[in-house]
Amino acid sequence: MVIGDGVLTPAISVLSAVSGLKVTENKLTDDELLLIACVILVGLFALQHFGTHRVAFMFAPIVIIWLISIFIIGVYNTIRWNPRIIQAISPYYIIKFFSETGKDGWISLGGILLSITGTEAMFADLGHFTALSIRLAFACVIYPCLVVQYMGQAAFLSKHLDSFQYSFYDSIPDRVFWPVFVIATLAAIVGSQAVITATFSIVKQCHALGCFPRVKVVHTSKHIYGQIYIPEINWILMILTLAITIGFRDTTLIGNAYGLTCMTVMFITTFLMALVIMFIWQKSVVVAAVFLLFFWIIEGVYLSAAFMKVPQGGWVPIVLSCVFMIVMFVWHYGTRKKYNYDLHNKVSLKWLLGLGPSLGIVRVPGIGLIYSELATGVPAIFSHFVTNLPAFHQVLVFVCVKSVPVPYVSPEERFLIGRVCPRPYRMYRCIVRYGYKDIQRDDGDFENQLIQSIAEFIQMEAVEPQFSSSETSSLDGRMAVISTRTVQSTASLVVSEVEEFDLSIQSSKSSTLQSLRSAYESENPQVRRRQVRFQLPPNPGMDPAVRAELVDLIQAKDAGVAYIMGHSYVKARRSSSFLKKLVIDIGYSFLRKNCRGPSVALNIPHISLIEVGMIYYV
């Protein structure tokens, strides 16, 4: 529903803002207004790629000027047309309203919803502002300005009943019409921008929790944390927003859909809040039930009225939310089935140990980072690789990137390092943990931090007694948290840095690699990267076995790093039900083919990537 909000908010905000041109002397036609609204919407979505940090400093002044403007216009209209309208603050009049209108008054609540739409976005803002700042802004600025503005419109309408369709623009004095129109359009763009950005953030968090297909996340600011842009979602939102704007052409119909969306979001949020009261705040069930009933009665009245508008545009958010729910369910179901297959088809450690330290294959210089979703055990793609190509890297690291159900993971707790086999095998495991709000930056430091973490683990293993008896076959699963905030010299390694051109392809006598290198340089002439060199410190007291292992690690790093990933094809078993075949073979397969590859989502350099094809029968 919130993603649907990201579709409807720009449509109704921009269309209602430009509708003010209808009340000017040179009245524009509906088609001309529609064209102007579409141009503004296309421009709004097209500029998302550049980020908002360059113009974000203007957002707060625009909103403040907008609130002050509508407050002053509300005061002006109240004093000029009907000062007695202030009495409407009394609850007596709402009781009188319902007693006289009955069912029609209840149905009208679906339209009254539009006066509070947008407030549900405050929940998303809690990630960027404190609760106190939101309370102060809403109670001391936003609420008074809105109430005074609606009061002024009511005073104006009490004398001009025929102006109900464009009451806001009709009530603006002629002298200030154009400045208010400009600031209204800018405020609509700012409001739309906020909801679009919130949609990006929600989609990224759903993806991190395994509930949304892989998408490319672009960081639009190096300095402001959390400013992201998702190209696929941006263009999907634009197409849907333009379709609704062109299809409905009427703010009343879009308003019906918008009101139902916002009320449903509030209704569900109240239910989730009751769970928070019980399980997070540890309050009694009675307190949660009282909270739930009190707000559900109020919200239920509005929601039931909003559902009466389903035939008049209210069906749009229901269809959108159902489509997004199906996509999320299919992706999550397919991903879990694939993970369970990996879990039940792990390579036996006894088989690895029986092969000996060389694994029965040629061990070539370099580091092989084998990406897998498994936190323990050796993935099936490893045995699939070595049986088809009997050569592998001198140092093997099984890397597992996990999104944990917390917002952020501190850098000190990001890396978990352990061994897979005894020391002579030179096989390690690294679990990299990110929170669902963490940003995986493509800063080129991952390899260096990983090498440094492994070196720290090797040193720690030699010192701490719980890791010293490491020649047993029960090594896998014994992990240690290695703290690495930045790449810096430690007791294990000395780090030296130089800034060089990012060549990505190591020096080689191969003419093919040399031609690839020259082509890469010509396409990326300005790419520069910090090159980190590791050296062993002069430490005569270091254990010879530890020194030999660290030397092997440094030499492997200098020889180059390769990334190995599984390129999987997931299919349902022949004995599966028709529904499962439909979900896996058609739905999940379609999503996998049309979403970003895992190497893009993990910021893996394409030129160092090796993919191993496998078919999963789930």
Side-chain angles (χ1 to χ4, degrees), residues 1 3-4 202-216 232-233 236 268 318-352 370-389 398-405 431 436 476-477 563-602 604 609-618:
M1 277 293 181
I3 295 172
I202 288 168
V203 169
K204 182 203 171 290
Q205 292 175 32
C206 288
H207 164 245
L209 295 172
C211 299
F212 205 87
R214 288 184 295 266
V215 290
K216 183 180 181 181
E232 300 95 323
I233 301 301
I236 290 172
I268 297 170
I318 297 175
V319 171
L320 285 175
S321 60
C322 287
V323 169
F324 280 110
M325 273 294 294
I326 290 170
V327 169
M328 293 169 72
F329 169 77
V330 168
W331 181 261
H332 182 71
Y333 178 78
T335 303
R336 295 306 301 172
K337 287 293 182 183
K338 178 178 175 294
Y339 177 76
N340 288 333
Y341 179 93
D342 275 333
L343 204 60
H344 292 104
N345 291 274
K346 293 189 291 188
V347 176
S348 168
L349 278 180
K350 289 183 179 179
W351 176 72
L352 280 179
I370 305 167
Y371 276 77
S372 166
E373 294 180 5
L374 296 178
T376 60
V378 177
I381 62 164
F382 177 70
S383 63
H384 190 66
F385 187 95
V386 296
T387 52
N388 287 278
L389 183 67
F398 294 95
V399 181
C400 175
V401 179
K402 286 291 184 184
S403 290
V404 290
I431 299 177
Y436 57 82
D476 200 21
Y563 297 79
I564 297 95
M565 300 193 73
H567 189 87
S568 55
Y569 299 88
V570 183
K571 294 183 178 181
R573 296 178 187 271
R574 291 183 180 180
S575 59
S576 302
S577 65
F578 171 77
L579 184 60
K580 183 177 179 180
K581 289 180 179 178
L582 182 68
V583 170
I584 296 294
D585 293 347
I586 298 176
Y588 186 68
S589 176
F590 175 81
L591 291 176
R592 279 185 64 86
K593 288 177 182 176
N594 291 278
C595 72
R596 299 281 180 170
S599 60
V600 177
L602 295 170
I604 292 175
L609 177 64
I610 301 172
E611 290 189 303
V612 183
M614 278 194 68
I615 298 178
Y616 290 69
Y617 288 101
V618 298

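All values derive from a computational prediction rather than experimental measurement. In this chain, residues are counted from 1 in sequence order.
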Visitor: Counting only heavy atoms not in K346, do more than 12 sit closer than 6.0 Å to its NZ atom?
Guide: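 Yes, NZ of K346 has more than 12 neighbouring heavy atoms, counting only those of other groups under 6.0 Å.
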Visitor: Using modelled atom types only, decide if a donor and an acceptor are shared between the side chain of R596 and the backbone of R214 within a distance under 3.5 Å.
Guide: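 Checking the backbone N and O of R214 against the side chain of R596, no donor-acceptor pair under 3.5 Å is found.
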Visitor: Looking at V347 and A380, what are the two nearest heavy atoms and their distance?
Guide: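 Nearest pair, atom of V347 first, then A380: CG2-CA, 4.2 Å.
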Visitor: Identify, with sequence neighbours excluded, every residue that meets side chain to side chain donor-acceptor pair (under 3.5 Å) alongside Y371.
Guide: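 Partners of Y371 under the side chain to side chain donor-acceptor pair (under 3.5 Å) test: none.
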Visitor: Are any non-hydrogen side-chain atoms of F329 and H332 less than 4.5 angstrom apart?
Guide: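 Heavy-atom side-chain distance check fails, nothing below 4.5 Å.
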Visitor: What residues form a side chain to side chain donor-acceptor pair (under 3.5 Å) with E373, not counting sequence neighbours?
Guide: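 Scan of E373 (side chain to side chain donor-acceptor pair (under 3.5 Å), adjacent residues dropped) gives none.
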Visitor: NE2/H207 to NZ/K216 distance, rounded to the nearest 0.5 angstrom?
Guide: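 Reported to 0.5 Å precision, the distance equals 14.0 Å.
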Visitor: SG of C400 to CD1 of I370: how many Å apart, nearest 0.5 Å?
Guide: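 It is 13.0 Å, given to the nearest 0.5 Å.
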Visitor: Side-chain contact test, heavy atoms from C-beta onward, threshold under 4.5 Å: evaluate it for S568 versus I615 and give yes or no.
Guide: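 In short, these two side chains do not touch, never coming nearer than 4.5 Å.
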Visitor: Please determine whether side-chain contact (heavy atoms from CB on, under 4.5 Å) holds for the pair K580 and R573, giving the CA-CA distance in whole Å, both sets of side-chain angles, and the decisive distance to 0.1 Å.
Guide: CA-CA 9 Å; K580 183 177 179 180; R573 296 178 187 271; 5.7 Å; no
Visitor: As an exercise, state the distance from OH of Y333 to CD1 of I326, rounded to the nearest 0.5 Å.
Guide: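 Going from OH on Y333 over to CD1 on I326, the span is 15.5 Å.
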Visitor: For residues 581-591, dump all side-chain donor-acceptor pairs below 3.5 Å to protein atoms at least two apart in sequence or in another chain.
Guide:
from	atom 1	to	atom 2	distance (Å)
K581	NZ	R574	O	3.1
D585	OD1	A572	N	2.9
Y588	OH	R592	NH1	3.4

Visitor: From L609 CG over to I564 CD1, what is the distance, rounded to the nearest 0.5 angstrom?
Guide: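 These two atoms lie 8.5 Å from each other.
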Visitor: Tell me if a side-chain donor or acceptor on H567 pairs with a main-chain N or O of M614 at a distance below 3.5 Å.
Guide: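 Judged by distance alone, no pair lies under 3.5 Å.
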Visitor: For A208 versus S403, what's the shortest heavy-atom pair and its separation?
Guide: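 In this case the closest contact between A208 and S403 is O-CB, 2.8 Å.
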Visitor: Dump the intermediate steps for side-chain contact (heavy atoms from CB on, under 4.5 Å) on L374 and F398, then the final yes or no.
Guide: CA-CA 9 Å; L374 296 178; F398 294 95; over 6 Å; no
Visitor: For D342 and Y616, test the side chains for any donor-to-acceptor distance below 3.5 angstrom and give the result as yes or no.
Guide: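 Yes, because at least one side-chain N or O of D342 sits under 3.5 Å from a partner of the opposite role on Y616.
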Visitor: First locate atom NZ of K338, then atom CG of L343, and finally report the distance between them rounded to the nearest 0.5 Å.
Guide: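 The CG atom of L343 is 12.0 Å from NZ of K338, to the nearest 0.5 Å.
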Visitor: Would you say H344's side chain and N340's backbone share a donor-acceptor pair under 3.5 angstrom?
Guide: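 Here the side-chain-to-backbone pair exists.
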Visitor: Mind checking ring pair (Phe, Tyr, Trp, His ring centres under 6.0 Å) for F324 and listing every partner two or more places apart, or none if nothing turns up?
Guide: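 Per chain and number, F324 pairs via ring pair (Phe, Tyr, Trp, His ring centres under 6.0 Å) with no residue.
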Visitor: To the closest 0.5 Å, what do you measure between CE (M1) and CE (M325)?
Guide: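 Between M1 CE and M325 CE, I get 10.5 Å after rounding to 0.5 Å.
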Visitor: Which heavy atom of W331 sits nearest a heavy atom of C595, and at what distance?
Guide: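 It is CH2-SG, 3.8 Å.
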Visitor: Side chains of V203 and I3, heavy atoms from C-beta outward: is any pair under 4.5 Å?
Guide: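 Yes, close enough: below the 4.5 Å cut-off.
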Visitor: Output all residues satisfying salt bridge (Lys or Arg N to Asp or Glu O under 4.0 Å) with E611, sequence neighbours left out; order by chain, then residue number.
Guide: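 Here no residue qualifies.
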Visitor: Can you name the side chain to side chain donor-acceptor pair (under 3.5 Å) partners of Y617, sequence neighbours left out?
Guide: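 Counting only residues at least two positions away or on another chain, Y617 forms no side chain to side chain donor-acceptor pair (under 3.5 Å).
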Visitor: Starting from the C-alpha separation in whole Å, work towards a yes-or-no answer on side-chain contact (heavy atoms from CB on, under 4.5 Å) for I604 and M565.
Guide: CA-CA 10 Å; I604 292 175; M565 300 193 73; 3.4 Å; yes
